[in-house]
Amino acid sequence: MSKELAKTYDPAGIEDRLYRKWMEKGYFHAEVNPDKKPFTIVMPPPNVTGQLHMGHALDETMQDILIRFKRMQGFEALWQPGTDHAAIATEVKVTEKLRSEGIDKNEIGREAFLEHAWAWKKEYGGKIINQLKKLGASADWDRERFTMDEGCSAAVQEVFIRLYEKGYIYKGSRIINWCPVCQTSISDAEVEHEDQNGFFWHINYPIVGEEGRFVEIATTRPETMLGDTAVAVNPEDERYKDLVGKMLELPLTGRTIPVIADAYVDREFGTGCVKITPAHDPNDFEVGKRHGLEEINILNDDATINSLGGKYAGMDRYEARKAIVADLEKLGLLVKVVPHSHSVGTHDRCGTTVEPMIKPQWFVRMDEMAKEAIKALDDGRLQFVPERFDKIYLHWLENIKDWCISRQLWWGHRIPAYYCEECGEMVVAKEKPKMCPRCRAEKLRQDEDTLDTWFSSALWPFSTLGWPEKTPEMEYFYPTDVLVTGYDIIFFWVIRMVFSALEQTGEVPFHHVLIHGLVRDELGRKMSKSLGNGIDPLEVIDQYGADALRLTLMTGNAPGNDMRFSWKKVEASRNFANKIWNASRFILMNLEGKECVRPDDLQDLCLEDKWILSHLNSVVREVTENMEKYELGIAVSKVYDFLWDEFCDWYIEIVKTRLWNYDENKKAGGEALWTLRTVLTEALKLLHPFMPFITEEIYCTLLPEEESIMIADWPVYRPEYDFPEAASAVDCMKEVVRGIRDSRISMQVPQNRKTNVFIVTSGEKDARMYEAVSPAFGNLAFAKEFHVQNDKTGIGTDAVSIVVSNAVVYLPLEDLVDREKETERLEKEKERLSKEIARCEGMLNNPGFVNKAPEQKVAAEKAKLEKYKEMREKVLAQLSHLA
RNA sequence: GGAGCGUUAGCUCAGCUGGGAGAGCACUUGCUUGACGUGUAAGGGGUCAUAGGUUCAAGUCCUAUACGCUCCACCA
């Protein structure tokens, strides 16, 4: 901030400069430091070639808030950043890019492709990191990691081999989800189920040797009949009991298949007869295993029918479907076609309908590790915020199936398994063995597959700290404290980190999981590329500043809940930034050539100073508590209210006269300045985690001797700032001022007309209090002079009266008093008080309340009743006076 | 088929462990006061989805119901 201050806050000119300063000073860097307690967050690594979206912005903002908070609290706060290689996502992008250049990935081969991929990573990898910096993320960039860097790759190998040796990783031919477009297997978590309107084709399978008798089956995927190896009925089903064991003619294939009995079949559903295709349906696969059925794979990897499909070979699956249905119809075997809505599995990356297929793949055995992960939650080592996500976590783990980790991709960690070209022996090892341990042949080739991208991110909390080496970082920063992520990623990542960490390190990877929701568009829709309704966080930053964006994302949102983004909200945030900017501008202007004075004894301060300090004190305490409990939205709104409503709208207004009169009374003016600066800087500290840039800019300008608010101490409750009497005096006076403002508006008193203000109290104590506190409110009360007294001398006849808790305030407005309006106003007040009295009496006349409620509550109600009764008496007196 | 979430002012949402309904935006009406009109002052607007229950006391706890949303699940 220069001497010539802009009237409005302009973030653009400030944010980059401050971020550079922080980087240069090394504030983001954390080191093993035995003198401090560690606090660690690992950043969910964004896709290396990704683009920052609102979801990231929310996620990173929350983490940045927590890490800045803890850093200020004196923790050695490490925010460990990095990026994810994002196997499929990146491979698809690189493949597309190559295709646009006329290059076919398969023609150039694995090595050349990987060169392109690394080049791509090099070119775009830094992009999202720079975008995070724009947000103000105070991550330790010196420690930036990448899931495919040397260390992370070593951790991946280590874990793979350990799990393999323990028997937790195995290779097997099992039914997996196959994406025909991406040409790779995918895990269950990557399959999205969506309901599609399709058909139920009812088909007759002729019974062998029984002319004219059929078994009617119903299917949603007729083309798979090419791979049928049985028809199943329920063993309890009387209708078909005689069929079991008979052979059926499988139309269009010339094969015959048996009728088997299996409890899996639901008698009520369809015809009660199910075609069994073990190679292309997970349930059928299980049935097939139970009955020793042949598994006939009828699909190529691109989901065309393979050579086993006879005349349909080479057709796409949907083409084949049409052709098969048509042929069945010609044969008179198509009974009927019924519209049917059913759930179809699609690949979450590309939307392609996945095909269940049997393929040799690598799996992680989940049962044992899942148990440990469940235990960690049960015994409290791991906690979700909010707690309701426990259930989602547990449900998934309790129903978990083995994890298919191999991918038919090139971009990723290659599986460390080697096969002997001679005898086929498999060796799992870090390095390619020189020779086959069985036949001593020297030709070995590595497994072609790579690992699921989540395999490496599952290790992220410890691989980034140097594991499997016993590094000082592991020792000091691990386990990490809190993981911040969206609920959509619990299955993919959180669970896998937990069981991996428990297995490899014996500890939970983090103690708390702070879950946030999705940022939706103004209409509540998910932001998505296809809808084109995404809002670019960088555009928001450009227009309104990172602080405004951050505040917007944190305001009015509870953990785990989705929120809607709207430009109106950003404007409100921007306005707040501008507000504190101007408050600071005001203070700076007043500081010019003047001195702040901190009295030796804070008891010497003016009442309003004591009031705002007390107020600050309680905000400090509450906000800190909220932060500790991850109630970030509540925390920031408290700071917001304090700064805007109490500090700006009341305190600054109250002390203005002291500032104008600085030359006459340097002590009062100087103390006001000291209080202004003290309260503002303390409040700025509370706000800093949320709005790092503007708070830094103001802080450093207000306190030129300070280097940065980032490294300032987090405010703590100070007993010496606690002035309960002063606080209540100012609160009383606020009530008086509000009453005066209200009356003046209803009497339409011109702004420039000042009046004497008579405060009539009934007790000596109140009188002294008002005598002490009122002078500071001259301007706010439009008062010529305050007269605190215990009777109505000197008030005159035509005065407006305002009844407050412990006094009656009179404004002798004479000619301006409209008796009718005044009566109306007082009547309204009387009514209000009567209602309150009725409420209090209702409670106090209730024996249940008096006997059972805590004493404190009862006493409080009694006091209220007394107060309201007194007030009503006064109102009634005024009314009778008017009449 | 399971599970979860939501239902509070015109709109978007807060409301922690039960003790007199809140914010922002929008709206109405004042304000060319020397920080800010991205401001300021005053104000209107809610039977906290419905029905029961627990309790002296329920937006808050419990049980149903309705509507909306989400996740999980192999119904061919």
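Proteins come first, then strands; the chains are lettered A, B, ... in the order of their sequence lines, and each starts at number 1.
- Listed by chain and residue number, A:Glu829 satisfy the side-chain hydrogen bond (donor to acceptor under 3.5 Å, both in side chains) test with A:Arg832 (two or more places apart in sequence, or in another chain).
- Set against B:U12, B:G34, B:G24, the side chain of A:Lys569 has B:U12 as its closest nucleotide.
- Because its NZ or CZ atom is both nearer than 6.0 Å to the ring centre of A:Phe782 and within 45° of the ring axis, A:Arg744 counts as a cation-pi partner of that residue.
- Here the C1' atom of nucleotide B:A35 and the CD atom of A:Glu697 are 16 Å apart, to the nearest Å.
- Listed candidates were B:G24, B:C75, B:C56. Nearest to the side chain of A:Phe849 is B:C56.
- Among the heavy atoms of the strands lying under 4.0 Å from A:Arg564 are primed sugar atoms or P, OP1, OP2 only; no base atom is included.
- For the pair A:Asp562 CG and B:C13 P, the interatomic distance rounds to 9 Å; values are reported in whole Å.
- A distance of about 16 Å separates the P atoms of B:C67 and B:U50, rounded to the whole Å.
- For B:A66 and B:A26, the P atoms lie 39 Å apart once the distance is rounded to whole Å.
- Nucleic acid contact class of A:Lys401 (heavy atoms, under 4.0 Å, all strands): sugar-phosphate only.
- Within 4.0 Å (heavy atoms only), A:Tyr264 reaches at least one base atom of the nucleic acid.
- Looking at the side chain of A:Asn557, the nearest of the listed nucleotides B:A14, B:C72, B:U55 is B:A14.
- Judged by distance alone, with hydrogens and angles left aside, the side-chain atoms of A:Asp284 form a donor-acceptor pair with the main-chain N or O of A:Thr277 at under 3.5 Å.
- Ring centroids of A:Trp644 and A:Phe642 are separated by 6.0 Å or more, keeping the two rings apart.
- The aromatic rings of A:Phe389 and A:Phe384 sit tilted, their planes meeting at an angle between 30° and 60°.
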Item to complete: Please test A:Ser805 against A:Glu735 for side-chain contact (heavy atoms from CB on, under 4.5 Å), starting from the C-alpha separation and ending with a verdict.
Response: CA-CA 8 Å; A:Ser805 302; A:Glu735 196 185 344; 2.9 Å; yes
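- Between the NZ atom of A:Lys852 and the C1' atom of B:G18 there is a distance of 16 Å, given to the nearest Å.
- Checked against salt bridge (charged side-chain N to carboxylate O under 4.0 Å, His left out), A:Arg825 has the following partners two or more places apart in sequence or in another chain: A:Glu822.
- In this structure, A:Asn578 contributes its side chain and A:Tyr9 its backbone to a donor-acceptor pair below 3.5 Å.
- The closest donor-acceptor contact from the side chain of A:Asn234 to the backbone of A:Val265 lies under 3.5 Å.
- Going from atom CG of A:Leu844 over to atom P of B:G19 covers 18 Å, rounded to whole Å.
- Between B:G4 and A:Arg388, no contact under 4.0 Å exists linking OP1 or OP2 to a side-chain N or O.
- Contacts of A:Asn846 with the nucleic acid, taken as non-hydrogen atoms under 4.0 Å apart, involve only primed sugar atoms and P, OP1 or OP2.
- Residue A:Val265 is in base contact, counting any heavy-atom pair closer than 4.0 Å across all strands shown.
- In this structure, the CG atom of A:Asp195 is 9 Å from the P atom of B:C75, given to the nearest Å.
- You'll find that the side chain of A:Phe269 is closest to B:A76, out of B:C31, B:A76, B:C72.
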Practice prompt. Might you work through the side-chain hydrogen bond (donor to acceptor under 3.5 Å, both in side chains) test for A:Ser573 and A:Thr552, ending with a clear yes or no?
Written response: CA-CA 6 Å; A:Ser573 304; A:Thr552 302; 2.8 Å; yes
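- Heavy-atom nearest nucleotides on RNA chain B were determined for A:Thr271 and for A:Val850, and the one closer to the 5' end corresponds to A:Val850.
- A:Glu190 and A:Ser187 are linked by a side-chain donor-acceptor pair at a separation below 3.5 angstrom, with hydrogens and angles left out of the test.
- Closest approach to the A:His395 side chain among B:C72, B:A42, B:A76 is made by B:C72 (side chain taken as heavy atoms from C-beta onward).
- Contacts of A:Ile652 with the nucleic acid, taken as non-hydrogen atoms under 4.0 Å apart, include base atoms.
- Of the residues in residues 334-346 of chain A, those lying under 4.0 Å from RNA chain B by heavy-atom distance are A:His340, A:His342.
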Fill in: 5'-to-3' dot-bracket of RNA chain B (Watson-Crick, G-U; under 3.5 angstrom; crossing pairs as [ ]; | other strand)
(((((((..((((.....[..)))).(((((.......))))).....(((((..]....))))))))))))....
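- Of the listed nucleotides (B:G24, B:A35, B:G19), B:G24 has the atom at the smallest distance from the side chain of A:Tyr640.
- Looking at heavy-atom distances under 4.0 Å, A:Pro847 makes no contact with the nucleic acid at all.
- With hydrogens and angles ignored, the 3.5 Å screen pairs no side-chain donor or acceptor of A:Glu622 with any backbone N or O of A:Lys638.
- Whole-Å rounding puts the A:Met747 CE to B:U29 C1' distance at 16 Å.
- The aromatic rings of A:His340 and A:Phe200 lie parallel to each other, their planes meeting at an angle below 30°, with 60° marking the opposite boundary.
- Atom C1' of B:C48 sits at a distance of 16 Å from the matching atom of B:C61, rounded to the whole Å.
- The distance between atom CG of A:Leu865 and atom P of B:G19, rounded to the nearest whole Å, is 21 Å.
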So which protein N/O to nucleotides 36-40 of chain B N/O distances come out below 3.5 Å?
{"residue": "B:C36", "atom": "O4'", "partner": "A:Asn582", "partner atom": "OD1", "Å": "3.0"}
{"residue": "B:C36", "atom": "O4'", "partner": "A:Asn582", "partner atom": "ND2", "Å": "3.4"}
{"residue": "B:C36", "atom": "O2'", "partner": "A:Asn578", "partner atom": "ND2", "Å": "3.3"}
{"residue": "B:C36", "atom": "O2", "partner": "A:Lys579", "partner atom": "NZ", "Å": "3.0"}
{"residue": "B:C36", "atom": "N3", "partner": "A:Lys579", "partner atom": "NZ", "Å": "2.8"}
{"residue": "B:U38", "atom": "O4'", "partner": "A:Asn575", "partner atom": "OD1", "Å": "3.0"}
{"residue": "B:U38", "atom": "O2'", "partner": "A:Asn578", "partner atom": "ND2", "Å": "3.0"}
{"residue": "B:U38", "atom": "O2", "partner": "A:Arg574", "partner atom": "NE", "Å": "2.9"}
{"residue": "B:U38", "atom": "O2", "partner": "A:Asn575", "partner atom": "OD1", "Å": "3.4"}
{"residue": "B:G39", "atom": "OP1", "partner": "A:Asn575", "partner atom": "ND2", "Å": "3.3"}
{"residue": "B:G39", "atom": "O3'", "partner": "A:Lys579", "partner atom": "NZ", "Å": "3.0"}
{"residue": "B:U40", "atom": "OP1", "partner": "A:Lys579", "partner atom": "NZ", "Å": "2.8"}
{"residue": "B:U40", "atom": "OP1", "partner": "A:Trp644", "partner atom": "NE1", "Å": "2.4"}
{"residue": "B:U40", "atom": "OP1", "partner": "A:Asp649", "partner atom": "OD1", "Å": "3.1"}

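- Rounded to a whole Å, the CH2 atom of A:Trp396 is 18 Å from the P atom of B:G4.
- A:Asp641 comes within 4.0 angstrom of nothing in the nucleic acid, heavy atoms only.
- The residue A:Lys864 sits close to a base: some heavy atom pair falls under 4.0 Å.
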Worksheet item: Would A:Arg525 and A:Asn533 satisfy side-chain contact (heavy atoms from CB on, under 4.5 Å), going step by step from the backbone distance to the final call?
Response: CA-CA 8 Å; A:Arg525 298 172 304 182; A:Asn533 61 344; 3.9 Å; yes
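- When each of A:Arg221 and A:Met843 is assigned the nucleotide of RNA chain B with its nearest heavy atom, A:Met843 is the one assigned upstream, toward the 5' end.
- For A:Glu355, the side-chain hydrogen bond (donor to acceptor under 3.5 Å, both in side chains) test picks out A:Arg221, A:Arg317, with sequence neighbours left out.
- Residue contacts shown for A:Gly272 include a base, since a base heavy atom lies under 4.0 Å away.
- Nucleic acid contact for A:Lys391: sugar-phosphate only, since backbone atoms but no base atoms lie under 4.0 Å from a heavy atom of the residue.
- To the nearest whole angstrom, the two P atoms, one in B:A23 and one in B:A14, are 16 Å apart.
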